[in-house]
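To start, the structure itself, in structure tokens.
Throughout, a chain's letter reflects where its sequence line sits, starting with A, and its residues are numbered from 1.
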2 protein chains.
Amino acid sequence: MVKPLTKKQEAIFLFIKQSIKKTGFPPTVREIGNQFSITVKGAYDHLKAIEKKGYLHCEAGKSRAIELLVNKEDVYPDVCSIPVVGTIAAGIPVLAQENIESYIQLPSGLLPQGTLFALRIKGDSMIGAGIFNGDIAVIKQQSDANNGAIVAALLDDEATLKILKKTERKVHLLSANEKYGVITADTISILGTLAAIFRTY
Amino acid sequence: MVKPLTKKQEAIFLFIKQSIKKTGFPPTVREIGNQFSITVKGAYDHLKAIEKKGYLHCEAGKSRAIELLVNKEDVYPDVCSIPVVGTIAAGIPVLAQENIESYIQLPSGLLPQGTLFALRIKGDSMIGAGIFNGDIAVIKQQSDANNGAIVAALLDDEATLKILKKTERKVHLLSANEKYGVITADTISILGTLAAIFRTY
DNA sequence: GACTATAATATACTAATGTATAGTTATTGT
DNA sequence: ACAATAACTATACATTAGTATATTATAGTC
């Protein structure tokens, strides 16, 4: 789709990316010219050539108004900032400021759309599903889930991961560890479904 | 350390951050003034006040030359770009371009220092350690590891996760699954130790 | 051979942008 | 009561920076 850049264009495109990364804003055409010891117009023509090939877009008239269209993730990584929630006070929404402990950045490309939050796993009740104490679980917020899905449910002011099993009239929450029993109830408050697990060693 | 911002300053600081996030470059003083329906000098004075309080730095004379000093991570997330390596051709280094399939962004604050790379797990040989088929394993590159550590070792052009056990003269690689046997050798080429696991559902 | 793209220079023009002067009004702490 | 800070206006000026004209030279393509 996008035409290949010439060596010079490649070098200039790289310089633009590095400038943004270093200073936080794109260079002017004169700054580009200076870097490569060429005149303003030389740099300007290169910039326009790179734009024509679809690698970036310049807003006409504005200074330093270079928007990257290719390799954006080199400069602005494509991540999602997910709130990590701790103990959840009854009554208030899960994502209320009071519940948010910190934020974690994870690759947005690998996560589902929708409202996400993260829990720090306590205990070994889901060890059979490869979810360990201390793991960070990313949850996609939703009030219901499919049979057999791993869900976050609110039990005693704690968001807990369990396997959801629905039968005729009852809802069951299973653990992935024989040591733990099954919780059965008429209705259960589901916070969301498991979207990802992150663990550090 | 840093003085608190006034409400107006807070709003302007937020606008600057959002502008960078949206367009990729900071606003001019006139763009700030426009947003808040104040004159150029009004916006300029606010900018200088915010700078004086240490939240940002303006390079004199340059356009849009606003460098964030506080809350940088809101705009430029603090992530590490980790190469995901696939099949490893014998003889060439693990991190050679030929081996790199893609990159994954993970939070640098939760990862160790040093050279990192990632593997996509194939098979269920480490299921007992909560490492499943399809998981992404982040490896810290090192040629040796402690006894009992989970390591990535090179077996038949594949980087494989195993538990390292060292005895008097031999090195053993254990699986975390009874179905698999133990590999024993005089020496083994260790690529690194397990630093993190990332899994999506 | 005509044509297009690349890579330049020198010079110039204009629009965009940072910075300054001079003043107003209100608020707050000493 | 006074000084300092905040939050503005209107106007002006100088510099920065994008854009244009005209020109040269080389290399590959139809």
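Using a 4.0 Å heavy-atom criterion, one finds that A:Lys41 contacts the bases of the nucleic acid, with or without backbone contacts as well. At the heavy-atom level, B:Lys48 lies under 4.0 Å from the strands shown only through sugar-phosphate atoms. Residue-level contact check: A:Gly42 touches the bases, meaning some heavy atom is under 4.0 Å from a base atom. Among the atoms of the strands shown, none is found under 4.0 Å from any heavy atom of B:Lys52. Contacts of B:Ala49 with the nucleic acid, taken as non-hydrogen atoms under 4.0 Å apart, are absent.
B:Thr39 has no side-chain polar atom (N or O) that falls below the 4.0 Å cut-off from OP1 or OP2 of D:dT11. The side chain of B:His46 places an N or O atom within less than 4.0 Å of a non-bridging phosphate oxygen (OP1 or OP2) of D:dA7.
Atom-to-atom, CD of B:Gln9 to P of D:dC8 comes out at 10 Å; the value is rounded to the nearest Å. Straight-line distance from the CD atom of A:Glu67 to the P atom of D:dG18: 16 Å, rounded to whole Å. As a whole-Å value, the separation of A:Leu47 CG from D:dA20 P is 13 Å.
The side chain of A:Tyr44 sits closest to D:dG18 out of D:dT9, D:dG18, D:dA7.
Contacts between residues 11-34 of chain A and DNA chain C, defined by a heavy-atom separation under 4.0 Å, are absent.
Using modelled atom types, one finds a donor on one side chain and an acceptor on the other under 3.5 Å when comparing A:Asp78 with A:Ser108. If you check the side chains of B:Thr115 and B:Lys140, you find no donor sitting under 3.5 Å from an acceptor.
Ionic pairing of B:Arg169 and B:Asp186 is not present here: no N-O contact between side-chain nitrogen and carboxylate oxygen is shorter than 4.0 angstrom. Using a 4.0 Å cut-off between a side-chain N of Lys or Arg and a carboxylate O of Asp or Glu, A:Glu51 and A:Lys48 qualify as a salt bridge. Ion pairing between A:Arg120 and A:Asp135 fails under the 4.0 Å rule for side-chain N and carboxylate O. By the 4.0 Å N-to-carboxylate-O rule, B:Lys52 lies too far from B:Asp45 to be salt-bridged with it.
If you walk DNA chain C from 5' to 3' and mark each nucleotide with an atom closer than 4.0 Å to a heavy atom of chain A, the marks span C:dT6 to C:dT17.
Between A:Asp45 and A:Cys58, it is A:Cys58 whose nearest contact on DNA chain D lies nearer the 5' terminus. Heavy-atom distances to DNA chain D give each of B:Ala60 and B:Ile38 a nearest nucleotide, and the one nearer the 5′ end belongs to B:Ile38.
The aromatic ring centroids of B:Tyr55 and B:Phe13 lie less than 6.0 Å from each other.
Between B:Tyr76 and A:Tyr76, the ring planes lie parallel to each other; the angle is under 30°, not in the 30° to 60° tilted range.
Taking each heavy atom of A:Leu173 and A:Ala153 in turn, the nearest pair found is CD1-CB, 3.8 Å.
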